[in-house]
Amino acid sequence: MTSFVHVDQPTVHPGVRRAEVLFGQIQAARAGANGARPLIALLIIAIAAAVLVVTDSLVSNWNEGGLLAVWTVFCLAAIALFALFAGSVRESSIGAALRAASQRRAAARADARFLATAQSDPRVMQELQAAMWRQQEQGTVDAADVAKIDGLARMSARSQEVRMPTLYEAMRRMNSSRYY
């Protein structure tokens with residue numbers, strides 16, 4: 001005979017529920033601070049600098065174990081402070097500059113991947129050359145950029161013309177050099 005046991009277990013861990021409430025309160029506190037973002041960013045930097053000076057003066061004569069513990073606590077507190085006001089810092093001019101630099105690096109990585117693809121695929125290289133020539137005719141691109149793409153096209157065409165030997169041919173060539 002089969003019997004079923006129904007145990008009512010919570011589907012959500014109590015710690016997760018408490019963490020969700022805490023994150024909700026933090027987001028509500030951050031939402032109220034949107035009006036004075038630059039001042040808050042400046043205040044965060046000033047507080048961090050003041051705490052750094054005070055901490056350095058307090059621990060300048062401690063031994064290594066206590067020094068490591070204090071600096072660890074200080075770093076954790078600084079990270080928590082920056083995480084709390086990350087939205088304010090994100091909208092300041094520093095955040096905009098960092099975002100712009102990140103976008104430039106991403107565009108450079110994408111261009112490098114595209115050029116690597118173009119060097120290995122002659123169809124993509126021909127399309128890239130045609131686009132560069134069109135832009136040169138319209139006057140929207142420098143002649144140096146067109147020359148760079150043409151040089152890459154010539155290099156990739158030469159590497160496409162070189163025939164890769166088969167494994168058998170390479171092994172025969174290598175083994176034949178051993179006996180003579």
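Counting from 1, the numbers follow the sequence of the chain as shown. Heavy-atom basis, side chains included; hydrogens, waters and symmetry copies ignored.
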**Asked** Is M132 linked to F114 within one hydrophobic cluster, defined over Ile, Leu, Val, Met, Phe, Trp and Tyr using a side-chain heavy-atom separation of less than 4.5 Å?
**Response** yes
Checklist entry - Do other residues, nucleotides or ligands put more than 12 heavy atoms under 6.0 Å from E127 CD? => result no
Residues joined to L167 in its hydrophobic cluster, side chain to side chain under 4.5 Å directly or through other members, sorted by chain and number, are M171, M174
Between A118 and L128, the two heavy atoms sitting closest are CB-CD2, 4.3 Å
